[in-house]
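Report on the following structure.
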Amino acid sequence: MVRPSETLSSQFLSLFLEWYVEIGRVALVNYGKDYGKLVVIVDVIDQNRALVDAPDMVRSQMNFKRLSLTDIKIDIKRVPKKKTLIDAMEAADVKGKWEKSSWGRKLIVQKRRASLNDFDRFKLMLAKIKRAGVVRQELAKLKKETAA
Amino acid sequence: MAPKQRTRNPELIPGVRKVSRSQMYHKRGLWAIKAKNGGKFPHHEKAPAATAVAEKPPKFYPADDVKKPLSNKRKPKPTKLRASITPGTVLIILAGRFKGKRVVFLKQLTSGLLLVTGPYKINGVPLRRVNQAYVIGTSTKVDVSGVNVEKFDDKYFAKQVEKKKKKGESEFFESEKQEKSALPVEKKDDQKAVDATLLTAIESVPDLKAYLGARFSLKAGMKPHELVF
């Protein structure tokens, strides 16, 4: 049993939000060459390591410390063939679930922000100012209404 | 790399080649050349040796042997232009009077410096030379196909030589030359000509004009080595 990463859970949440290392558990790699990839735990080697597989990588072992567990689980038997794994991932729609989850969405936003061009950052700044202006106008209107 | 040439006579180990002398004679077709030329190798007469110019003995022999410096045939090339910098790229100037300004790159001059313009109306940067080392190349490009920059080269930017010579003491006590030579009208016209086409290209892209008018600066949390430009 491994507790989810600190970013997601406070001590309070960890009481009932525990995800287990099990066969079929989807995890995010948080260190090393495959950083940022979603992988599936396909077997447990010993107390510290798991056999891990993903559609676009060679099946390999990883230390649990390199994995951040997610709440997605797929239905596979121990060490499935690559094709079975891919089919199971499609059936469970791992990619879709991940991109809809708040964790997944945050990562996508982070990536987008990091890839912004200097011109994009400028346009972003203009957009933020514009939005703040609109918000402030509405706020001023509401204030006037409550004051009146 | 050029495709490897077929060698007729490869070296098996150093000093030992595969094919013998007589076999090479046959392989090279020397027999055919001889046959074509009637049993002999083709032969040119030697060109008449140019008659040696009579050298006069020198009038002066130096007392000490003077060392002759080694000859240097090196020709300087213009600095290699970074791949990210192409005509029309928006550059961020990092040093000097215009530091932080975003500016449009026009072409690289023979000295290696980059010819750059604001455009002047947008951010006050005129046609100017800038060193590649003091510049960040962004990935934003402006369409410069309509701009003619043929006439600009390093000589265009050379300092005007002052003809006046110091006449006497009175010059020292007088206030320093107050008339800073105003920009000649033709330079202003050149600027306007280049900027006219540029401005239409810039205005066709939303927000680009404001972008070029704003200065770049690092804000809190920006890490230059992680920024994508």
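Keep in mind the model is a prediction, meaning the values are calculated, not measured. So you know, we letter chains A, B, ... as the sequences are listed, proteins then strands, and number each from 1.
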| remark: dist Phe122(A):CZ -> Thr140(B):OG1 (nearest 0.5 Å) comes out at 11.0 Å

| In terms of heavy-atom contacts, does CD of Glu203(B) have more than 12 from other residues, nucleotides or ligands at under 6.0 Å? | yes

| Ile136(B) versus chain A, heavy atoms under 4.5 Å apart: side chain, backbone, both or neither? | neither

| field | Exercise: identify the closest heavy-atom pair between Asp118(A) and Tyr211(B) | value | OD2-OH, 2.7 Å

| Do other residues, nucleotides or ligands put more than 12 heavy atoms under 6.0 Å from the CZ atom of Arg215(B)? | yes

| message | For Thr138(B), which atoms come within 4.5 Å of any heavy atom of chain A: side chain, backbone, both, or neither? | response | side chain

| said: Between Leu116(A) and chain B, with a heavy-atom cut-off of 4.5 Å, which part of the residue counts as in contact: side chain, backbone, both or neither? | reply: backbone

| field | Where Val205(B) and Phe119(A) come nearest, the two heavy atoms and their spacing | value | CG1-CE2, 4.2 Å

| said: Tell me whether the count of non-hydrogen atoms from other residues, nucleotides or ligands lying under 6.0 Å of NZ in Lys82(A) goes above 12. | reply: yes

| message | For Arg121(A) versus Phe216(B), what's the shortest heavy-atom pair and its separation? | response | NH1-CE1, 4.5 Å

| Within a radius of less than 6.0 Å around CD of Glu226(B), do more than 12 heavy atoms belonging to other residues, nucleotides or ligands occur? | yes

| query | Crowded around Arg17(B) CZ? As in, over 12 foreign heavy atoms under 6.0 Å? | reply | yes

| said: For Asp75(A), is the CG atom crowded, meaning more than 12 foreign heavy atoms sit under 6.0 Å from it? | reply: no

